[in-house]
Q: 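My structure is below; once you've seen it, I'll send some questions.
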Amino acid sequence: MWNPMESLSEHQFQARFRRSKEGFIFVAAVIVPKIIIPLKRGTQIPSFMQLFVALKFYSAGTFQIQNGDLTNLSQGPISKIAKRVSQALDSLKPRFIRYPTEDEAVVIRQRFYDYGGFPGVSSRICGQLERAEVPTILLGDSGYGDTGFLMTPFSHPVILAEKRYQSAQIKTRNPIEPCNGVLKQRFNCLSSFHQITPLYVRHLKKLEDTLIPHVIARYTKALEDQLALIREYVQDYEDHQKSLNPVEGNPLDIYRLVRRLALLTGPDLTKLSKYALDELTTIAGLVNIEDKNEAVLSLLHLQYTYSLSVHTGVTLTAAHSMEIAQSALHGGYYSFALEWLQVTNKSNKREQRFTDFELLEATNALMVEHDTNYEVKRAQRHMFIYPQTFKAWNMSLQELLTMPPPSMALGQSELIKTIPDTGAAKREPYNTIALCQGNNFQGNAVRSKLRCYLDHDANSYFLIQPVRVEELGEGLTIFHSFLTNSQVDEINRVAFNKIGLAATRREASTVLKNSEPVAWGLKRRAELLLGLNILGVNASESVRFSLYSTGGGLRAHNDAAGHYDENDPDLAWDKTNYVDRLKTMLIYLSDIDVGGITAFTNLGVAVRPTKGSALFWSNYASNAEDLDPLITHAGCPVLLGIKSYATLWITKSANMLMKKCPRKSLHSEQNR
Ligand SMILES: O=C(O)CCC(=O)C(=O)O
Ligand SMILES: [Fe+2]
């Protein structure tokens, strides 16, 4: 490539670029690191050449670089390069431009006054303008019109005061004007700015006309590719291919896909999106109403937990949003139902799909449903129901809607404080959301007592594969690297095979019996680490393997308040009365990008799943009779990715009264 540094003499160089080679090298040294990003993949123009192009533009003041000696770049790339280099130069402003300090400004004002007799001349205009500290009066030549803040010379000064003003004005401008002149001469682009503006506009217009249809075409193509993929999936689904990921057909993906496309392509896609939504709905096999409801409920669940906007970025038809509103209503998401009704209302103005009466009826149904059900829902502590949380504060539905969703803009501890009644039940929905959104609100006093250590002597096996123990809260511990990656992969493989294609795609689970080597191995390792009886008769349930994709999660609960799996082959006794889950070990079998946190709503601890780590806690208080309210926990809905984990429930009956009491030694312990 032609290099002006080598092929031009110093004189020729200065004539073309209006600066010396040495000056160029200095500029290059500071600017090049800032412009190394290639213009476009594949067509990288070396940074120093970009600098030449920009300098040439600055000095020529036009995008048409006549002498083809530089490059044969057309106007488009030149304007891009000029913009990039200008931005880089602009970012260097703090390094090379310094405005006078307050004290220096006083001196400068005095010197201007002494020199030209004009009072209050500020040399800090730029800085002040930037900080909007005007009114400052600017001095201009007679070419400028008369405005309130620009003082120009009189065309015919008559009285003495006018004449004195005139001479002071001109004299004060004098040292500045030549300076501007020099700058304009060196940077021709400044003086010819008015010439390039229309050019620029035309240029942008051209871009808009030519490029945007291309972009849309590209994403239409992308959509088609996506559709083809989904078609393939459906085909696989029908072929019952075992290796297929069972949750890939999550109905929520439809919404996600449409939303992503809409965001990428902007409002122009709205025409396409209706087609896309319908097409996808059909292709992805969302043929039955349960699937659709499932998708909608997932959407609402996510919307609620993560304070997502109802504006999905696509224009849904009135019929679509009405459908979502109805599902929201039946799912008990009253406030969302109202929001979706509002969306319906809006699009219905255009579409006239529903009569006013139908809309009114839908709104009334919502009101009635809300007013009759919230007590029941509240009693159930349904964590995903908006109004029940607020009803405790005697809020109307209207008031409720003006209330922002529980926002993490509030500090962590404020979150608890701002809730009037601090009863655990009422705090729970709030805390769940706070934790799911990534906050922890454990007190410092508690946190300072927690320890971290390496456990390698639980058993000699742990010498080879030690675990890092971290106490997360009172009675809650995490064992990092409890399993190795390959152990986890093996469990996933076996469980995935067993699940095959699950009926519900958002969540799937299965049990791995003790006779399964991976389950036995896992239990054995837990037994050695914890010193508990886990593999003995009725000592633990079968390892439960669970899988969540987008929208999958679990509301707050205590594990011991659940139910047995009636058909669990690893538990022999009568399972009808109560569930004996003294301890829980929860082993994460995947990392998860967004969402899927395990939230301990009363401890105020949020645990992000990490592959191979195991959480451990007791579900009972220390008297081993009452459930421990402190250990209530929820599985936050997954936003992106697939969460898999295993749960190991260890029984009380096989782990208590295991040893004879060593009376003697106990006495001697006490007497010591
Ligand atoms: O999803 C989680 O992280 C928690 C799962 C859980 O609590 C359970 O399966 O009992
Ligand atoms: Fe649980």
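What you see is a predicted model, and the numbers here were worked out from it, not measured in a lab. Sequence positions, counted from 1, serve as the residue numbers for this chain. Ligands are counted one by one from 1 in listed order, and the atoms in each one are counted from 1 as well.
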Q: The criterion is side chain to side chain donor-acceptor pair (under 3.5 Å); which residues satisfy it with Thr344, sequence neighbours excluded?
A: Ser321

Q: Is it true that Glu541 and Arg581 make a salt bridge, defined as a side-chain N closer than 4.0 Å to a carboxylate O?
A: yes

Q: State which residues pass ring pair (Phe, Tyr, Trp, His ring centres under 6.0 Å) with Phe600; sequence neighbours excluded, sorted by chain then number.
A: Trp617, His633

Q: Which heavy atom of Ile478 sits nearest to which heavy atom of Ser613, and what is that distance?
A: CD1-CB, 3.9 Å

Q: Given the ring of Tyr620, does Lys652 sit roughly above its face, with NZ or CZ under 6.0 Å from the centre of the six-membered ring and within 45° of the axis?
A: yes

Q: Which N/O atoms of ligand 1 sit under 3.5 Å from a protein N/O, and at what distances?
A:
{"from": "ligand 1", "atom 1": "1 (O)", "to": "Lys643", "atom 2": "NZ", "distance (Å)": "2.9"}
{"from": "ligand 1", "atom 1": "3 (O)", "to": "Thr598", "atom 2": "OG1", "distance (Å)": "2.5"}
{"from": "ligand 1", "atom 1": "3 (O)", "to": "Lys643", "atom 2": "NZ", "distance (Å)": "2.7"}
{"from": "ligand 1", "atom 1": "7 (O)", "to": "His557", "atom 2": "NE2", "distance (Å)": "3.2"}
{"from": "ligand 1", "atom 1": "7 (O)", "to": "His633", "atom 2": "NE2", "distance (Å)": "2.9"}
{"from": "ligand 1", "atom 1": "9 (O)", "to": "Tyr645", "atom 2": "OH", "distance (Å)": "3.1"}
{"from": "ligand 1", "atom 1": "10 (O)", "to": "His557", "atom 2": "NE2", "distance (Å)": "3.2"}
{"from": "ligand 1", "atom 1": "10 (O)", "to": "Asp559", "atom 2": "OD1", "distance (Å)": "3.2"}

Q: Can a salt bridge be assigned to the pair Lys513 and Glu516 using a cut-off of 4.0 Å between side-chain N and carboxylate O?
A: no

Q: Is the ring pair Phe616/Phe479 parallel, tilted or perpendicular, if the boundaries are 30 and 60 degrees?
A: tilted

Q: Looking at every non-hydrogen atom in both residues, tell me the closest pair between Asn602 and Pro629 and how far apart they are.
A: ND2-O, 2.8 Å

Q: The Fe ion (ligand 2): which protein N, O or S atoms are under 2.8 Å away?
A: His557 NE2, Asp559 OD1, His633 NE2

Q: In a check of side chain to side chain contact (heavy atoms under 4.5 Å, CB included) between Tyr645 and each of Thr598, Ile491, Leu586, Ile587, which one passes?
A: Leu586

